[in-house]
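The next block holds one structure in the form of C-alpha cells; read it before the comments.
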There are 6 protein chains.
Amino acid sequence: MSKPFKRILLTGAAGGLGKILRDRIKPWADVVRLSDISDMGEAREGEEIVRCDLSDKAAVLNLLEGVEAVLHFGGISTENTFENIMFANIQGTYNVYEAAHKHGVRRIVFASSNHAIGFHKTTEHLDAESPTRPDSMYGLSKVFGEQLARYYWDRAGIETVCLRIGSSFPEPKNPRMMVTWFSYEDLVESLRCSLMAPRVGHTVLYGMSDNDGVWWDNRKAGHIGFHPKDSSRQFRHMFPDTGAYPAPDDAATLYQGGGFINDGPMYK
Amino acid sequence: MSKPFKRILLTGAAGGLGKILRDRIKPWADVVRLSDISDMGEAREGEEIVRCDLSDKAAVLNLLEGVEAVLHFGGISTENTFENIMFANIQGTYNVYEAAHKHGVRRIVFASSNHAIGFHKTTEHLDAESPTRPDSMYGLSKVFGEQLARYYWDRAGIETVCLRIGSSFPEPKNPRMMVTWFSYEDLVESLRCSLMAPRVGHTVLYGMSDNDGVWWDNRKAGHIGFHPKDSSRQFRHMFPDTGAYPAPDDAATLYQGGGFINDGPMYK
Amino acid sequence: MSKPFKRILLTGAAGGLGKILRDRIKPWADVVRLSDISDMGEAREGEEIVRCDLSDKAAVLNLLEGVEAVLHFGGISTENTFENIMFANIQGTYNVYEAAHKHGVRRIVFASSNHAIGFHKTTEHLDAESPTRPDSMYGLSKVFGEQLARYYWDRAGIETVCLRIGSSFPEPKNPRMMVTWFSYEDLVESLRCSLMAPRVGHTVLYGMSDNDGVWWDNRKAGHIGFHPKDSSRQFRHMFPDTGAYPAPDDAATLYQGGGFINDGPMYK
Amino acid sequence: MSKPFKRILLTGAAGGLGKILRDRIKPWADVVRLSDISDMGEAREGEEIVRCDLSDKAAVLNLLEGVEAVLHFGGISTENTFENIMFANIQGTYNVYEAAHKHGVRRIVFASSNHAIGFHKTTEHLDAESPTRPDSMYGLSKVFGEQLARYYWDRAGIETVCLRIGSSFPEPKNPRMMVTWFSYEDLVESLRCSLMAPRVGHTVLYGMSDNDGVWWDNRKAGHIGFHPKDSSRQFRHMFPDTGAYPAPDDAATLYQGGGFINDGPMYK
Amino acid sequence: MSKPFKRILLTGAAGGLGKILRDRIKPWADVVRLSDISDMGEAREGEEIVRCDLSDKAAVLNLLEGVEAVLHFGGISTENTFENIMFANIQGTYNVYEAAHKHGVRRIVFASSNHAIGFHKTTEHLDAESPTRPDSMYGLSKVFGEQLARYYWDRAGIETVCLRIGSSFPEPKNPRMMVTWFSYEDLVESLRCSLMAPRVGHTVLYGMSDNDGVWWDNRKAGHIGFHPKDSSRQFRHMFPDTGAYPAPDDAATLYQGGGFINDGPMYK
Amino acid sequence: MSKPFKRILLTGAAGGLGKILRDRIKPWADVVRLSDISDMGEAREGEEIVRCDLSDKAAVLNLLEGVEAVLHFGGISTENTFENIMFANIQGTYNVYEAAHKHGVRRIVFASSNHAIGFHKTTEHLDAESPTRPDSMYGLSKVFGEQLARYYWDRAGIETVCLRIGSSFPEPKNPRMMVTWFSYEDLVESLRCSLMAPRVGHTVLYGMSDNDGVWWDNRKAGHIGFHPKDSSRQFRHMFPDTGAYPAPDDAATLYQGGGFINDGPMYK
C-alpha cells in the first residue's frame, strides 16, 4: 500500500524528540527529509539528510522544496538568552513559514510548548482559547510561533496544528510531570492525527497523555481525532502521597510552567 | 412486568429509520401506533397502523388521540424543494404539536438533524446552545421544528428532546460519517432515554455514537442519561490515512453538513 | 447629488409601518418600488407601485427584478392562525429571498420582531447571540425568517440586517412600551444605517430608542453605526410610579413579549 | 513507611459519614483526632477523642492545636430551624477556620452539600463556577461555609476543598440518588486527593460517583486528581423505566435538591 | 395624587444612610415605618417609630406587620467581631425575611455592600453574575444576606434588589472613592427604581454614581431602570495626578474593598 | 505645583506620533527624555535628547537610566520586511523591557496597534480578551510586544498599558478611519490616564475616539479611567452614504486591519 505522503520534513531531527521521531514517522511518507543544525549521522533508507541553520533564510527556502508537510521541531528547546532564542526560534520559524508559503506547503505541525501558557496557576484549567501566559523567553518564542502560524493561515491558507507539548520523556521525573507527561507513543499518534485530519485550520492541541489531575482540555481540538493511549498512572508508585505542602510562594508548584520559570540567564 | 406506556406513536414508520425502529420500540408500550404517508404493510401484534398525511390537520388530530408520547420521525428526510419541505415538515410538525397540545400529550422526541447546524465549520465544536446554521431547506425545517418545540414547551408545557441525528446507517459510507455515525443500537438507546427521563424540558441531543474526532458535545443533555455503546472506530480500516488534502474551498469537508450543502434543486 | 441607490423595494408598504416609511425612505433611491397585498393608492413621483401576494412565487420573482436592496416589511404583523402565518410570512419570506438570489440582490433589511425572543423574562438581558424564544406563531415565523436569512448569507452571500422591532408607535401605550418603544425617526435611521453600512453579513439589531430599563444590548451590531436619538423618557409622566405589583403569574409582565403571548386563536 | 501527616482532625466523627470515615482515614496520619458533640466511644489505636461543641469558640481553639489538616464534617446535616443551623453550622464553621488560622493549619476539606445548589433545575448543568442556589437553611449554611473558606484563602492563605456531597449511602434509595450517589469508596478517595494535592487554593468539588445522567461537571477541580471508581449503574435494575411523568410542579423532580426543598419546620 | 405604597419599612433608620433616607423616601408611602436599635427621636408626620433589635425574632415579626415593602438598611455597617456581625446581620436579616414571608411582603431592597466582592482586584471588572469575594466578616454577612434573599425568592417568591453600595458620602474622601462614590441623590433614585420596577426577581445592583474608572457594570440590572445623575468627576481637582505608584503589595489599592481588608479585630 | 514624575522617556520621538506628543506630555514630568534613531533637533527646556538604535542593547540600557516611566512609541510603524521588523520592533522592545527591569522602572505604555487584531472581520466585536489576529509582520511584532509585556508583568512586576492605536491623524482619510479614528487630544488623554492610574497590571486599551460604528469595547480597561472627548462624527459629511457595496472578497472592508493586509513586500 502506498504511503500517505511523498515527502515530509522533520526539523530538529538531532534533538531529543527528533531522535525519537526519526524512525517512527517513516510509515507516513516515501521520503522523510531530516534537518538540524547538528550532525544527524548517515541517511538511512527512505531518508534525506539536510544540515541547515534555520536562521539562514536562503537555506530554509531550499530545505522546503518538494515537501508536502512539515513537522517543525527545530530551534532551541530550553530557556536561553533572548538573542539566541530570537535567531533560532523567532527568525527560524519565520523562515520555515515563508518557505512553506513560497513552495505551496499546505500543512505544518508546530512543536509549541506548555511554556507558552506556563504562567497560569496550577489550579487553573485551560483550553485552546485560553490566553497565553509565557513563562520564559523560550515560551515567548512559542507564542510568537503560534501567532505567526495564525497569520499564515489567515493570510496564506497554510494549516497548522500547534502542539503544546507537556513533558515527553520515557517516564515522569517529578510530581509535576505526573500531570504533564506525554508518552512517546502518544506524541507520535498526535502527530499522525495532526497530519492526516482532512481540515485543521489553526488548531491548538495540548500534548499530554491520559493522566490524572490535568490542567488542559483538548475538546476544541476534537476534530484532530487524537486520543491518548498511555497514562502516567502507571508511575504513581514513584511519587507517594505527602502532606508536606510546598511553601506558599514556591513558583515551581504555583505555576503550570514549573521550575522553568526560574531558568535562564536573566534572573541570576 | 407491565410496559412503561400504554400507547406511543411513531410517525414516519415507513421511512428508513422508521423501519429500523418499528420492532425495537415495542418493549416500551402496550400498543405502538405507526403512521406514515406510505404503505406500512399489515399491523402486527401490539401495533396500530394509521396511514396519514401529516399536512392534514384534522387527520393528525385524530392520529394523536389516546397517545402518551410521540416519536416524530415523519416528513421529508433529504433536501427537496421549499414547497414540499414546507408542507411535509413545517406544517406537518405544527400539526403534530397542536394535536399533542389538544390531547394533553406530555412528551415528544423530535427527529431533528445535524443539518440544522450544518453550516458550522468542521474545525468548530458545538453544544446544545450553539447557534443553529441550517445548510439546506431541509435543515431549515428542522430548525423550525426545534423552535416550534421550544414554543410549545414555554407556552403549553409539552416536553421535547430534539435529537440532531448524525448519520444513522449500518456503517459509515465515507470519512465524514466516521465522525457523524450513529449506530441503530445507540439510536434506540437515545430514544429510550429521551422517553424515560423524568424531566427533559426542551433538550437538544446530538445523535452520534462514541466516535473519534467528533464536533459535538452532549454534556448539556447529560440529564437524559444517554451514553453510546458503539463507535465508528471499528470501521477505521475502511478509510486509510491520506495526505491528499481536500481543495481549500471544498464545501463537503469545510462544513459539518457535508455534501448536503450542494444537494437540492435550488442551486442547479 | 445622486442618491445612494437606483431602486430599492419596500414590501408591506400599505401596512402600519409601511405607510410611515413610504416618504421617509425616498432620499435613498431614485426609485422606490412599493409592494403590498392591499391597495397602496397612486404612485407618486419616484415611486413604483406593484401589488403582489408574497406567497405567489412567480409574482415575487418579478417584484424583485431590477432592485438593489429590499426593506422586507410585508406579511402578517400580529398573531394569527398558523396557516395564515405560514403562507404570508414563511412562504412569503422564502419567496423574497429566493427571488433576491435569482436577481443578485446584495442586501435585505428584514423586519423581524421582539416576539422572536418574547418568552425571555423581563429580568433577563439579551444581545444578538441570545437564543430565540418565540412567544407566538407570529414570533415563530420571525425566527424562521432570521434563520432563512442566515442560510442565504452562508450559502448565497446575501447580507441581511434582522431588525427586531420593539414597539414602533407615535408614543408608548403602556408601561411595557416605555421599555420597547422605537420612535419613527429612530426606525428610519436604523434602516438607513442598515442599508449603507459597507458590511453587515448576518446582523441582528434590536429596534428600540434610547429608553430606560431596556432588556436588549446592541453592541454586537455596533458595526451598523446605529445610535438612537429619541427616548421614551419624555413620556414618563404618562405612567406614574406604582407599588401595585402584578400578580406573580401575570404573563404580560413576566415575559418580554408582553400581552402578545395570550393573543391569537389557539388558546381561546 | 511513614504516613503523610502526623495529626489530622475529623469533626463530626459520630455522624453518619463520620463513622464511615473513622477507620478509612487512618492510613493518612499517625494520629487521627476525632471530634463530635455526641459520644464517639473509646479511642482506638492511633486515635484521639475530643468531645466538643463547635459553637464553643474556646473549645474549638483547643481542638485544632497540633493539627496539620482538617476534615470538617461536623454540624447539622439535615434541614432544621435557622437558629440551630446558625449555631452549629455558621458559628461552628467560623470557629474552625479562626482556630485553623490561629494555629497555622494549611488545609481544610469542608463537607459542603449539593443543597448549596439545590434550587437549580434538574435539566441544568453546573460546574464549580455556577452560582449557588441554596434550597434550605441547611444549604444556606453550606454556602456560608464555602464563602468563609474563600475569605480565609484570600485573606489568610488557608486552602480548602469544598466537597459538595451528593448522596453518600450504601446504595441509592430513589431515582434521584441514581444521579447523586457517592459511594463510600469514592468519598474516601476524594478526601485523599483533596488532602494530598500539592495546591488546591479554594476548590469546589462535586461529590458523586461515575453515574449516568449527572448534572455536575468536575473539570474545574481537575487538579485534585479525583476520579471515581464506582457507579450507580450497578443499581439500575432497582428503578425500572417508567412513562409515568411527575406532575409539572413536583418540586422533588424539578430541582436538583430533591425532596429537601420541602423539609424543615418553616413551611409546615 | 395618592402615593405608591400605604406603608413601607426602613430598618437602620438611625444609621448614617438611614438618616439621609428618612425624609427623602416619604413621597413613596402614606406611612414610613422607621426602625433601629438606637434612638430615632420623635415620629414626624407620616412616620411610625418602632425601636427594635433585629436579632429578636418575635419583635421583627411584629415590625413587619402591615408593611408592603422593606428597605433593609439595619445591622452593623463596618467591620466588627464575627459574633456581633452574626447576631446583627445574619440572624437579623433572617428574621426580616422570615417575617416578610409570614406577612406576605412582596419586595425588599437589601442594603448589601461592595465588601461582598471586595477581594477582587482593582484591575478586574465585575457584573451581577461575578463570583462574590467577601473581604471581611462584614462583607461575608452581606454575601449571606444576598443568598438568603435568593432562597426566599426561589422558595417563597419574595423579590429583592441587592444594592451593593459603594461609598455613599457627601463627597469622596480619597482616590478610591472617586471610583466607588454614590451620591445621596443617586442612592435615593436607585431605591425608587428598585421599589417601583414591576418585576425584579433577585437582582444585584451596584450602587455607584456615573464615575470614571469604575469596576462594576450594571447592565444585568438594566430592568431596574436606574441611571445615575451625579458623578465624582466634579471632585477631580481634590485628587491631582501622581506618578507615585503604591507599593506592589499595598492591599488598599490592590483590592476593590480598599482599606477595609485590614480593619476589624481579627488580624491585629 | 510639582509635576507627577521627575523623568519619563518617550521613544520614537521623531516619528509621526512622537512629534505630536513631544510638547503635549511636558506637564507630566520635570524632564522628558526623548529618543529616536533619527534626528530630533535641539533639546528644548525640560527635555533630554538621546539618539539611540533600540536594537542596541547596551545603548538602551543607558537610555532607561533614571527614568520613572516609559512611553514606548519607537520602532517601525508600517509594514516592512520581517528582518527589519524583527530588529526594530521585536529585539528593540525586548531591550526596552529588559532595561526597565534592570533599572526598576515600574510602568510602560506600549504603543501597540489595531494590526495586532486586524484579521478579525469588520462585523466582529472585540474586547481586551479577544484573541489576537495579526494582519502583517508589523501586527505580529505588536502581538509579540504585548506578550513580552505580559511576561514582564507576571515575572518582574512591570506594569504595562498596551494601547492598540487605531488611526491617529488630524482627521479620517477614508470611511474605515471613521471607525478607527483617534484624535490627538484623545491619544494624549489616554496616555495621561495610563500613566496616572494607581494600578494597571497588564491592561489592553483600544485607542479610538468616541466614534460611531466601532468594533472595540474598552470596558475591561475601565480602571484606566479613559473617556474620549472627540468623535469622528464631525467628519461625517466627508463620506456620504453609498449603496455601492464593496466586492465580497475585498479584504480592505472585510477585515478590521483594512488595506494594511495587502501592504509589505511579501505578497508582491
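Quick note on labels: first sequence line is chain A, next is B, and so on, each numbered from 1.
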Practice task
Identify which part of F:Glu129 has an atom lying under 4.5 Å from any heavy atom of chain A, answering side chain, backbone, both or neither.
Solution key: neither

Problem - Region of F:Pro131 in contact with chain A, defined by heavy-atom distances below 4.5 Å - result: neither

Exercise for the section: Please assess F:Val143 against A:Tyr151 for the test side-chain contact (heavy atoms from CB on, under 4.5 Å), listing each intermediate value before the final yes or no. Expected result: CA-CA 11 Å; F:Val143 171; A:Tyr151 171 77; over 6 Å; no

Problem - Side-chain donor-acceptor pair present, A:His72, A:Thr11, cut-off under 3.5 Å - result: yes

Practice task
Indicate whether the side chain of A:Thr160 and that of A:Tyr97 have a donor and an acceptor atom separated by less than 3.5 Å.
Solution key: yes

Handout entry: Most contacts with chain F, counted as non-hydrogen pairs under 4.5 angstrom, among A:Ser141, A:Pro134, A:Gly139
Key = A:Pro134

Handout entry: Parallel, tilted or perpendicular: rings of A:Phe82 and F:Phe144 (30°, 60°)
Key = tilted

